[in-house]
Amino acid sequence: MKIFDTLSQKEKEVVKNNMVRIYLCGVTVYDDSHIGHARTIIVFDTLRRFLESEGTKVKFVQNFTDIDDKIINRARTENTSTDKISTRYIDRYFVEFDKLNVKRADSYPKATEYIEKMIDLIKGLIDKEIAYVSNNGVYFAVSKFKDYGKLSKKKIDELIAGARVEVDETKHDPLDFALWKFANDQPNWDSPWGKGRPGWHIECSAMSLEELGNDFEIHGGGRDLIFPHHENEIAQSEAFTGQNFAKIWMHVGMVTIDGVKMSKSLGNTKTVEYVLQKWGPNIIRLFCLAGHYSKPIDYSEDMLKETITKWRQVENAYAEISNPEKDDTVLLQHPNIMEKAIRPRIEEELNRFHDALNNDFNTSLALNSFFSVVDEINNLASAEYIAKSVAGYLLPVFTKMMNILGLKISEITKEENDEIGKMIERRKIFRDEKRYQDADNIRKQLLDKGIILIDHKKRTLWMKQENIGN
RNA sequence: GGUGAGGUGGCAGAGCGGCUAUGCGUUCGCCUGCAAAGCGAAUCUAUAGGGGUUCGAAUCCCUUCCUCACCUCCA
């Protein structure tokens with residue numbers, strides 16, 4: 001599999017020795033997650049699902065930044081502890097991302113649990129004279145790391161020229177960044193240099209090195225993390241280990257709202273909670289995977305509405321394929337709907353699906369193939385006959401693609417199922433008796449519950465629509 | 001100002017030297033007791049502008065214009 005590497009600006013083959021190690025920069029837990037976070041996380045979740053579907057072992061690590069100025073500020077305004085704040089938003093994170101059908105990572109390290117490792121790193125950097133202690137804290141001396149700027153393609157002197165960094169006399173160089181900040185207020189930790197808190201970037205170096213080791217396969221996050229976050233991570237980690245930090249840097253494009261990047265100051269953020277309520281998990285996932293991961297996507301009502309249409313087709317296909325005709329004998333007269341006739345086309349789409357993902361994770365193309373399979377199924381359904389043997393072939397293909405994409409048909413309880421069955425039977429009787437008013441009443445009742453009936457010539461199927469709010 | 005990514009039909013979005021993706025939308029049909037859903041057909045020959053290279057370019061080169069992101073915390 002090839003992925004475009006931000007560092008080398010080239011597509012690189014993902015090395016799969018024993019396993020693929022992935023580190024994703026997660027969220028800072030000081031507020032609700034939004035659709036931008038969701039996109040990055042859904043992309044990586046899908047990547048991980050794809051690799052695993054091919055039998056590749058994946059170790060997937062995603063951190064929580066649970067100590068940070070914004071968390072501290074939030075705690076102050078709410079008159080509570082940073083701990084309470086971070087715990088609250090981590091809990092919410094899991095509720096929301098479970099709903100989005102994001103598989104749990106193998107590990108969710110938190111910054112506050114890696115203070116010791118960070119101190120080790122900082123010690124090492126001081127020993128190598130790449131970091132120094134000032135009155136305010138410990139700083140990384142950017143000028144001592146010759147490759148500084150290699151990821152974001154920035155030149156040090158240009159950065160200085162355009163620096164909007166606040167003046168800090170205790171720093172040797174305005175570009176130097178904090179590894180450890182002295183602080184007497186809570187929360188703080190002891191360190192060999194004095195009580196304080198870790199700087200902004202050191203946590204990810206500490207956690208990734210500890211959890212995944214050196215030179216792991218994929219390090220990722222949103223595009224906006226390239227500078228300074230990832231640049232600084234590279235500097236710290238490589239200065240410390242003297243080795244390559246990560247093999248591939250994979251960055252996900254921003255989500256814009258009506259063409260503009262979301263930001264708190266513009267007040268145009270869409271929280272995950274909101275979009276889940278409004279569109280539901282599958283539509284959000286389809287939306288996030290609709291374009292190439294590296295490009296920006298624009299959140300607009302029209303786009304999401306369009307996605308609903310696609311998802312309806314998927315639901316319809318599932319309803320058909322999971323309720324095939326029991327009797328296969330009809331097939332003898334209709335060779336065009338036999339498995340043998342369909343198989344080559346489906347195999348072709350499976351190959352395309354695989355190739356698309358394998359080639360810089362082109363989910364847009366992969367979705368095309370998936371929808372072609374969906375079309376194929378709905379086509380058969382319109383011929384009024386999906387035979388059991390055909391469904392037996394198609395269902396696993398459909399399911400495989402659904403699993404990789406992380407899509408999930410709404411589940412239904414046994415009781416619901418029985419009740420719906422009974423109502424459909426009653427409706428059939430009414431229809432046979434030409435009591436259409438009564439029959440339509442039942443249809444309306446079911447629709448109110450999100451159940452859509454699919455009338456075929458001899459029988460009625462139904463599907464449960466994903467709940468879409470407004 | 002610097003760096004990076006882009007500019008493709010009404011919209012979304014692939015292709016990245018030749019066989020004019022695809023989807024949504026729209027229109028008209030089929031199906032139906034009527035719907036819904038589904039299916040079929042039609043519709044749209046697009047590649048920011050200008051130069052090249054080539055037998056041939058959306059695809060390569062040069063140039064102009066425009067958009068977005070990053071350069072401050074940000075997924």
Exercise. Give a yes or no answer on whether the side chain of A:Thr460 reaches the backbone of A:His456 with a donor-acceptor pair at less than 3.5 Å.
Key: no

Quiz item: Which listed nucleotide (B:G33, B:G13, B:U22) is nearest to the side chain of A:Ile297?
Solution: B:G13

Strictly under 3.5 Å: I want the nitrogen or oxygen pairs between protein and nucleotides 65-70 of chain B, one per line.
residue : atom : partner  : partner atom : Å
B:C70   : OP1  : A:Lys261 : NZ           : 2.2

Practice problem: Have a look at A:Gly221 and say if it touches a base, only the backbone sugar-phosphate, or nothing, with a 4.0 Å heavy-atom cut-off. | Solution: sugar-phosphate

Exercise. Could you let me know what B:G25 is paired to, Watson-Crick or G-U wobble, both distances under 3.5 Å, or none if it's on its own?
Key: B:U43

Quiz item: Taking the same atom, P, in B:G23 and in B:A57, what whole-Å distance lies between them?
Solution: 28 Å

Quiz prompt | Proximity to the side chain of A:Ile454 - top-ranked nucleotide from B:C34, B:A37, B:G33 | solution = B:A37

Quiz item: Ring centroid separation for A:Phe97 and A:His37, is it under 6.0 angstrom?
Solution: no

Quiz item: With both distances kept under 3.5 Å, what pairs with B:A58, Watson-Crick or G-U wobble?
Solution: none

Practice problem: Output yes when at least one side-chain N/O atom of A:Lys295 is less than 4.0 Å from OP1 or OP2 of B:G13, else no. | Solution: no

Quiz prompt | Ring center gap for A:Phe64 and A:Tyr93 short of 6.0 angstrom | solution = yes

Quiz item: Whole Å only: how far is the CG atom of A:Leu304 from the P atom of B:C24?
Solution: 17 Å

Quiz item: Going by atom types alone, do A:Asn232 and A:Tyr148 pair a side-chain donor with an acceptor below 3.5 Å?
Solution: yes

Practice problem: Tell me whether the guanidinium CZ or amine NZ of A:Lys154 lies under 6.0 angstrom from the six-membered ring centre of A:Phe227 and within 45° of its axis. | Solution: yes

Give each protein N/O atom lying under 3.5 Å from an N/O atom of nucleotides 39-43 of chain B, with the pair distance.
residue : atom : partner  : partner atom : Å
B:C39   : O3'  : A:Asn379 : OD1          : 3.1
B:G40   : OP1  : A:Asn379 : OD1          : 3.2
B:G40   : OP1  : A:Asn379 : ND2          : 3.4

Exercise. Tell me which nucleotide among B:U3, B:G33, B:A14 gets nearest to the side chain of A:Leu365.
Key: B:A14

Exercise. Mind calculating the distance between CG (A:Asn63) and C1' (B:C74) to the nearest angstrom?
Key: 14 Å

Self-check item: Earlier contact from the 5' end, RNA chain B, for A:Asp440 and A:His34
Solution: A:Asp440

Self-check item: Short N-O contact, A:Glu348 and A:Arg345, less than 4.0 angstrom
Solution: no

Quiz item: Looking only at N and O atoms, is any donor in the side chain of A:Asn362 or the base of B:A14 less than 3.5 Å from an acceptor on the other one?
Solution: no

Quiz item: Distance between the C1' atoms of B:C31 and B:A41, in whole angstroms?
Solution: 15 Å

Quiz prompt | A:Arg104 NZ/CZ over A:Phe94 ring centroid, <6.0 Å and within 45° of normal | solution = yes

Quiz item: Choosing from B:C34, B:C24, B:A75, which nucleotide comes nearest the side chain of A:Lys310?
Solution: B:C24

Quiz item: Under 4.0 angstrom, heavy atoms only, what part of the nucleic acid is A:Gly220 near: base, sugar-phosphate, or nothing?
Solution: nothing

Quiz item: With a cut-off of under 6.0 Å to the ring centre and 45° to the axis, is A:Lys247 in cation-pi contact with A:Phe216?
Solution: no

Quiz item: Centres of the A:His172 and A:Tyr139 rings: under 6.0 Å?
Solution: no

Quiz item: What does A:Ser152 touch in the nucleic acid at a heavy-atom separation under 4.0 angstrom: a base, only the sugar-phosphate, or nothing?
Solution: sugar-phosphate

Quiz prompt | Nearest listed nucleotide, side chain of A:Thr309, among B:A36, B:A35, B:G25 | solution = B:G25

Quiz item: Start at the 5' end of RNA chain B and walk down; is the nucleotide closest to A:Ile35 or to A:Leu447 reached first?
Solution: A:Leu447

Quiz item: Paired with B:U32: which nucleotide, if any, by Watson-Crick or G-U wobble criteria at under 3.5 Å for both distances?
Solution: none

Quiz prompt | Separation of the P atoms in B:A42 and B:G50, to the nearest angstrom | solution = 33 Å

Quiz item: Would A:His251 and A:His230 count as having a side-chain donor-acceptor pair, cut-off 3.5 Å?
Solution: yes

Exercise. Rounded to whole angstrom, note down the C1' distance from B:U8 over to B:G13.
Key: 9 Å

Self-check item: P-based separation of B:C60 from B:G7 [nearest Å]
Solution: 11 Å

Quiz prompt | Pairwise C1' distance for B:A48 and B:C68, with rounding to whole Å | solution = 15 Å

Self-check item: Passing option when A:Asp45 is tested against A:Arg285, A:Gln62, A:Lys103 for side-chain hydrogen bond (donor to acceptor under 3.5 Å, both in side chains)
Solution: A:Arg285

Quiz prompt | Sugar-phosphate, base or nothing in reach of A:Glu320, heavy atoms under 4.0 Å | solution = nothing

Self-check item: Pairing partner (Watson-Crick or G-U wobble, both distances under 3.5 angstrom) of B:C65
Solution: B:G7

Quiz item: For A:Lys155 and B:G2, is the shortest distance between a side-chain N/O and OP1 or OP2 below 4.0 Å?
Solution: no

Quiz prompt | Within residues 267-276 of chain A or reaching into it, pairs that qualify as salt bridge (charged side-chain N to carboxylate O under 4.0 Å, His left out) - sequence neighbours excluded | solution = none

Exercise. Please determine, for the side chain of A:His292, which listed nucleotide (B:A75, B:A37, B:A14) has the closest atom?
Key: B:A14

Quiz item: Quick one: A:His201 NE2 to B:U72 P, roughly how many Å, whole number?
Solution: 11 Å

Quiz item: Which part of the nucleic acid does A:Asn316 contact within heavy-atom distance under 4.0 Å: base, sugar-phosphate only, or nothing?
Solution: sugar-phosphate

